[in-house]
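The next block holds one structure in the form of structure tokens; read it before the comments.
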Amino acid sequence: MHARRVVLNSRPGKNGEPSPGNFSLEQITLTPDLKDGQVLVRTLYLSVDPYMRWRMNEDTDNDYLGPWELSECVDGGGVGVVETSRCSALAEGDVVTSFNWPWQTHAVMMGSSLQKVDSQMVDGHLSYFLGPVGATGLTALLGVREKGHVTKGANQTMVVSGAAGACGSLAGQIGRLDGCARVVGICGSNEKCRALVEDLGFTAAINYRSEDVSARLKEICPDGIDVYFDNVGGSISEAIIEQMNRGGHVILCGQISQYNKDVPYPPPLSDKTQEILQSRSITREKFMALSYMSKSEAALFELSQLVKSAQIKVLETVVNGIENMGVAFCSMMKGGNIGKQIVKISD
């Protein structure tokens, strides 16, 4: 059978911006004969995420994610349905997901590399397995719980940067549900600010492109900032840390403003910001959900309940067609999405 796939045809370089032209679409033929343990899957949805920018480099500078190889099929989070199975654990019609799903319309995969999921967990919204009830949701929930030290009744203020993105939009809602008295989002458009406050229940939102972030934070957070969920790094993060209280906590989730630069992760801070962290005993440690996988099953069940009961609202930006994977990725890297950026591959 014929399938289409996306390959990496060039690298933007460590200091370059990615472009859709770094990716190419190819037609391939899949063998109909499956080996023992294999399944044929039809891809339903694929995810594009900021961490993928590292995988475009020759060296990812970390030991848990290797680079994408030139002329090879790209991979990432995906969800699909089993069409044919020679794996005893999976049957035709099963919905499955993987963190290493090839960017293909159909694929032959080892059944052991796939996780079977129950569509009832997401009320049939299967793309949610790539967002709020998947790796993104785990990152938000476990980040707030493990590194945020939110205490009900403690009148804490949380600030989230990249707040209208996949992870930030969830993290702010979780902070509010866990007991933060005030949750403030930083994002890049008035439309996003409106969505954060009106749809997701943030206390306030700041458009960093048109407003003075430091001045607005002083107005909105008169008692200082206790918890900062950091998705962006750079000058915005330094402005937020400057207004943090003694004993506060930075949840270091991502640094998307630095991903097109050849700097280590996490990127170095200015001397002034380092001094603030030390003198005020503010914690700032790299966070990865992969380090807490023993807690993932319970966390995913909780996220499912929160989404199904509408205590967590889900925002998605959906693009159609495997031919638009590169466009969707580059748009997401520039903040073109509200909520999780998803590409729908088939029905």
Side-chain angles (χ1 to χ4, degrees), residues 50 139-140 143-151 154-165 167-176 178-190 192-193 196-197 200 202-261 263-288 334-335:
T139 301
V144 172
R145 296 273 169 84
E146 299 294 329
K147 299 290 186 186
H149 305 280
V150 174
T151 311
N155 199 34
Q156 287 164 301
T157 294
M158 174 190 270
V159 174
V160 182
S161 58
C167 198
S169 60
L170 298 171
Q173 295 182 80
I174 291 162
R176 178 172 53 75
D178 279 4
C180 284
R182 190 181 275 109
V183 177
V184 179
I186 316 274
C187 57
S189 75
N190 291 337
K192 290 180 178 181
C193 285
L196 291 178
V197 176
L200 305 187
F202 279 59
T203 313
I206 300 169
N207 180 349
Y208 72 87
R209 294 185 201 271
S210 62
E211 298 182 86
D212 180 329
V213 173
S214 294
R216 288 284 286 127
L217 283 172
K218 283 194 176 76
E219 288 171 29
I220 300 166
C221 310
D223 301 323
I225 297 159
D226 303 293
V227 185
Y228 170 36
F229 199 99
D230 184 3
N231 287 303
V232 305
S235 58
I236 288 174
S237 286
E238 303 218 338
I240 293 165
I241 290 169
E242 196 173 341
Q243 297 190 35
M244 287 187 72
N245 293 327
R246 171 170 288 282
H249 301 283
V250 179
I251 304 163
L252 190 54
C253 180
Q255 304 280 278
I256 194 169
S257 72
Q258 308 297 303
Y259 288 172
N260 293 328
K261 301 172 187 174
V263 293
Y265 184 87
L269 297 166
S270 68
D271 291 345
K272 179 186 174 188
T273 304
Q274 283 282 22
E275 166 59 26
I276 288 170
L277 291 176
Q278 285 165 354
S279 64
R280 297 183 197 165
S281 301
I282 297 168
T283 65
R284 179 182 179 264
E285 299 161 341
K286 189 159 69 171
F287 169 78
M288 270 177 46
K334 290 180 173 172

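Remark: T283 engages H249 in a side chain to side chain donor-acceptor pair (under 3.5 Å) (not counting sequence neighbours). Partners of R216 according to the side-chain contact (heavy atoms from CB on, under 4.5 Å) rule, which considers only residues two or more places apart in sequence or in another chain, are I206, E211, E219, I220. Checked against side chain to side chain donor-acceptor pair (under 3.5 Å), D212 has no partners two or more places apart in sequence or in another chain. Residues that satisfy the side-chain contact (heavy atoms from CB on, under 4.5 Å) test with R284, not counting sequence neighbours, are V250, L252, Q255, P266, L269, L277. In this structure A163 satisfies the side-chain contact (heavy atoms from CB on, under 4.5 Å) test together with V160, L196, F202, sequence neighbours excluded. Under the ring pair (Phe, Tyr, Trp, His ring centres under 6.0 Å) criterion, Y208 pairs with no residue, sequence neighbours left out. Residues satisfying the side-chain contact (heavy atoms from CB on, under 4.5 Å) test with N190, not counting sequence neighbours, are R194, N207, S210. With sequence neighbours excluded, no residue satisfies side chain to side chain donor-acceptor pair (under 3.5 Å) with S189. For K334, the salt bridge (charged side-chain N to carboxylate O under 4.0 Å, His left out) partners are E17, not counting sequence neighbours. Contacts of R145 classified as salt bridge (charged side-chain N to carboxylate O under 4.0 Å, His left out), with partners at least two apart in sequence or in another chain: D178, E302. Applying the side chain to side chain donor-acceptor pair (under 3.5 Å) criterion to S281, with sequence neighbours excluded, gives no partner residue.
Atoms CG and CG, on D226 and N155 in that order, are 8.0 Å from each other to the nearest 0.5 Å. Of the inter-residue distances, the one linking I241 atom CD1 with I225 atom CD1 reads 9.5 Å to the nearest 0.5 angstrom. How far OG1 of T139 is from CE of M288: 9.0 Å, rounded to the nearest 0.5 Å.
Heavy-atom minimum distance, S279 versus R246: O-NH2, 2.7 Å. When all heavy atoms of A140 and L170 are compared, the pair lying nearest together is CB-CB, 3.8 Å. The nearest pair of heavy atoms linking S237 to Y228 is OG-OH, 2.6 Å. Nearest approach of C253 to F229, heavy atoms of both residues: CB-CE2, 3.6 Å. Taking all atoms of both residues into account, the shortest heavy-atom contact from M158 to A171 is SD-O, 4.0 Å.
The salt bridge (Lys or Arg N to Asp or Glu O under 4.0 Å) contacts involving residues 265-283 comprise E242-K272, where partners must be two or more places apart or lie in separate chains.
Screening L200, T203, V150, V183 for a side chain to side chain contact (heavy atoms under 4.5 Å, CB included) involving R176 leaves a single residue, V183.
The backbone N or O of V159 lies less than 3.5 Å from no partner atom in the side chain of R182, so there is not a single donor-acceptor pair. Here the side chain of Q156 pairs a donor or acceptor atom with the backbone of H149 at under 3.5 angstrom. Counting only distance, with no hydrogens or angles, the side chain of S161 and the backbone of N231 share a donor-acceptor pair below 3.5 Å. Remark: the backbone N or O of S214 is paired with a side-chain donor or acceptor of Q243 at under 3.5 angstrom.
No side-chain heavy atom of I240 sits under 4.5 Å from any side-chain heavy atom of D230.
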